[in-house]
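These numbers were taken from a predicted model, which means no experiment stands behind them. We name chains A, B, ... by the order of the sequence lines, and we start the count at 1 in each one.
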Amino acid sequence: MMETAGPFKNITFPTPKQIVYRKAKRHKGFLIGGTILLFIIFMAISAPILAPHDPYEQNLDTRLIVPVWHAEGTWNHILGTDNLGRDYLSRLMYGARISLLIGVAAMLISGVIGTILGVSAGYFGGRVDMIVSAIISIRLALPIMLVALAVVALVGGSLMIVVLVLGLMIWNRFALVMRASTQQLRSMDYVNAAKTSGCSTLRIILTEVMPNILNNLIVVATLEITRAILIEASLSFLGMGVQPPLPSWGLMVNEAKGFMLFSPWMIMIPGTAIFALVISINLLGDGVRDITAPEGR
Amino acid sequence: MLIYIGKRIVMALMVSVVVSFISFMILNLSGDPAIALAGADASPEEIQVIRVQYGLDRPVIVQYIEWIGRALQGNLGVSPYFNMPVKDLIGARIGVTLILGTCAFAFAILLAIPLGVVAAIRPNTWIDRTALTISVFGQALPNFFFGLLMIIFFGVILQWLPISGDDTWKHFIMPAVALGYYASPSLMRLTRTGMLEVLGSDYIRTARAKGLKTFSILFKHALRNAIIPVVSLGFVQFGYMLGGAFIIEYVFAINGIGFLAVQSIQRADLPVVQVIVLLLSVIYVSMTLVADIINAFLDPRIRAN
């Protein structure tokens, strides 16, 4: 609490941190998204301890057991087993690791590329801006999902390749948002003050520009994590992303496709997991945007 | 105006050329076309023979110039897998993809614009929240999963709709919904923000003060202005949607160019993949060009510059 002098001595104003905290407590999307995401992260981290079975262990005697909410379900396999007798819950828990890993790693790579491009375009303007804008429109013109699919399939799908391809290809939103945010800051007084006091360009960007576009950066980062997760799921669903026997959720949907008629739950479970993860991160990102926005906007 | 359009066209052509070059390089560096041509169990000597025979031993740049030169003359090469001209393969399938894209786009518009308008007229009500929920779901639901859900529900359980193929109009309903839903959130949000902004403006207040009917204010005065950015985003989304249609075509076994692309990638049939990637890029670039031109026509402020 900040104390004020004068006749209003006894009134205390909340600090910015308290305002953010108060807004966060009231923001439903932020709370719901955060809870689901924390739950999924917890599952992913504690998979080796909590998973009831080995996610790779095949057992032909226990094939296609239905989940526990069906009449014939058993508590030994809460979410049932797949066509190779592998425990579905354990695979789901380990699968969370793959989605989270790919989402975060691809976002970090694309974030570095996109931020460098966007900030330099916004800060320097002129010819640099023209070149970066051209690079962005070229990138947008590529049917990126198809190109990513082709590259991953031709080079050979592995976790590393998927992360690299997604990270190197999907930086356009970072670049666009960072460019726009930096443009707004470029002619601010404090940037000019730093310039006149002789700071180097790099230092101005790192200490004057970056802290002020950090909020936007975080919002874009959450969006980009989900985009990477969705694209990985799609590639794996087509059988050309993460390769078996890894329990990628997209790959689990792919493997369940053949059993769609009689065991639709095999698709529903990993599909819902992807949906829940993506929606939780999106809600969290929207929440961060609302909460950190200045009062009255 | 003409200068503006001329500049845009030159830009679009330049982007297309660079994109064709980059996609050619990416695909050629990712996979070796010679191995695909020779078959999986060919010896290194056989692969070398094929490489020389098809001119694949020359620098990639030379190959690109030759490829793009032939493509500009209408010769899109031959698919080694089908042993047929790529042009015929694509010609036989592009119609289906365009039908799917158009239906999906129509669905996206029909979902997004009315909901966006209603949400803007009654902000922060249950209608607004429903619209928001629909758009939040649309952004989080993987479209292949949505397609499979519909197959399970409407195809298998209720048996209302056919689950694969492209023979009748009924075959296009579920794929169009699955593909279009994905494109609708951004259109809806843009319609809503645009409408909110316009409805708060002075000329709407004037129209209200004049005593015009609400209907006429909403549709003749407000929507016409709010829709301009939606129209241009719509064209861009259409181009983007065609680029991502291959997953839906794969789920519903629709014989369009997207499904062909997926199969060709599996067969390492690079000449086909190259042309489809190029085609989708050119469609996307043309769509953004159309969006820019329409924007200029509809918005006098751009026209004046």
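No other option in A/L261, A/V278, A/L277, A/L223 has as many heavy-atom pairs under 4.5 Å with chain B as A/V278. For the set A/T226, A/I231, A/L149, the entry with the most heavy-atom pairs within less than 4.5 Å of chain B is A/L149. By number of non-hydrogen pairs under 4.5 angstrom with chain B, the leading residue of A/I229, A/V147, A/L238 is A/L238. When each of B/L278, B/V277, B/I283, B/T288 is checked for heavy-atom pairs under 4.5 Å with chain A, B/V277 comes out on top. With respect to chain B, the highest number of heavy-atom pairs below 4.5 Å among A/G156, A/G250, A/A233 belongs to A/A233.
Neither the backbone nor the side chain of A/S280 comes within less than 4.5 Å of any heavy atom of chain B. Contacts between B/V262 and chain A at a heavy-atom distance below 4.5 Å involve backbone atoms as well as side-chain atoms. Contact annotation for B/V251: only side-chain heavy atoms (C-beta onward) come within less than 4.5 Å of a heavy atom of chain A. In this structure, the portions of A/S234 lying under 4.5 Å from any heavy atom of chain B include both its backbone and its side chain. Of the two parts of A/V155, the backbone and the side chain both hold a non-hydrogen atom closer than 4.5 Å to a non-hydrogen atom of chain B. Heavy atoms closer than 4.5 Å to chain A are found in the side chain of B/I152, but not in its backbone. Heavy atoms of B/I22 lying under 4.5 Å from chain A belong exclusively to its side chain. With a 4.5 angstrom heavy-atom cutoff, B/Y240 touches chain A only via side-chain atoms.
Under the 30°/60° scheme for interplanar angles, the aromatic rings of B/Y250 and A/F237 are found to stand perpendicular.
In B/F137, the CZ atom is not crowded: 12 or fewer heavy atoms of neighbouring residues, nucleotides or ligands sit closer than 6.0 Å. Heavy-atom contacts from other residues, nucleotides or ligands closer than 6.0 Å to CH2 of B/W126 number 12 or fewer. Heavy-atom contacts from other residues, nucleotides or ligands closer than 6.0 Å to CZ of A/F259 number more than 12. Around the CD atom of B/E197, the shell of radius 6.0 Å holds no more than 12 heavy atoms that belong to other residues, nucleotides or ligands. Under a cut-off of 6.0 angstrom, the local environment of CE in B/M25 is crowded, with over 12 non-hydrogen atoms contributed by other residues, nucleotides or ligands.
Here the closest non-hydrogen pair linking B/V273 and A/A150 is CG1-CB, 4.3 Å. Here the shortest heavy-atom pairing between B/F145 and A/I267 reads CE1-O, 3.6 Å. Considering all non-hydrogen atoms of both residues, A/I274 and B/F144 come closest at CD1-CZ, 4.1 Å.
Expressed to the nearest 0.5 Å, how far CE of A/M260 lies from CD1 of B/I151 amounts to 5.0 Å. Residue A/L230 holds its CG atom at 9.0 Å from CG of B/L141, rounded to the nearest 0.5 Å.
Looking at heavy atoms from C-beta onward, B/I26 lies in side-chain contact with A/V151 at the 4.5 angstrom threshold. Residues A/I279 and B/Q139 fail the side-chain proximity criterion, which asks for heavy atoms closer than 4.5 Å.
Between B/S30 and the options A/L154, A/V165, A/I161, a side chain to side chain contact (heavy atoms under 4.5 Å, CB included) holds for only A/L154.
Residues of residues 138-146 of chain A lying under 4.5 angstrom from chain B, judged on non-hydrogen atoms, are A/I138, A/L140, A/A141, A/L142, A/P143, A/M145, A/L146 in numerical order.
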Q.
Using the rule given for side chain to side chain contact (heavy atoms under 4.5 Å, CB included), can you reason through B/L149 versus A/M268, listing the C-alpha separation, both sets of side-chain angles and the distance that settles it, and then say yes or no?
A. CA-CA 8 Å; B/L149 282 181; A/M268 308 286 265; 3.2 Å; yes
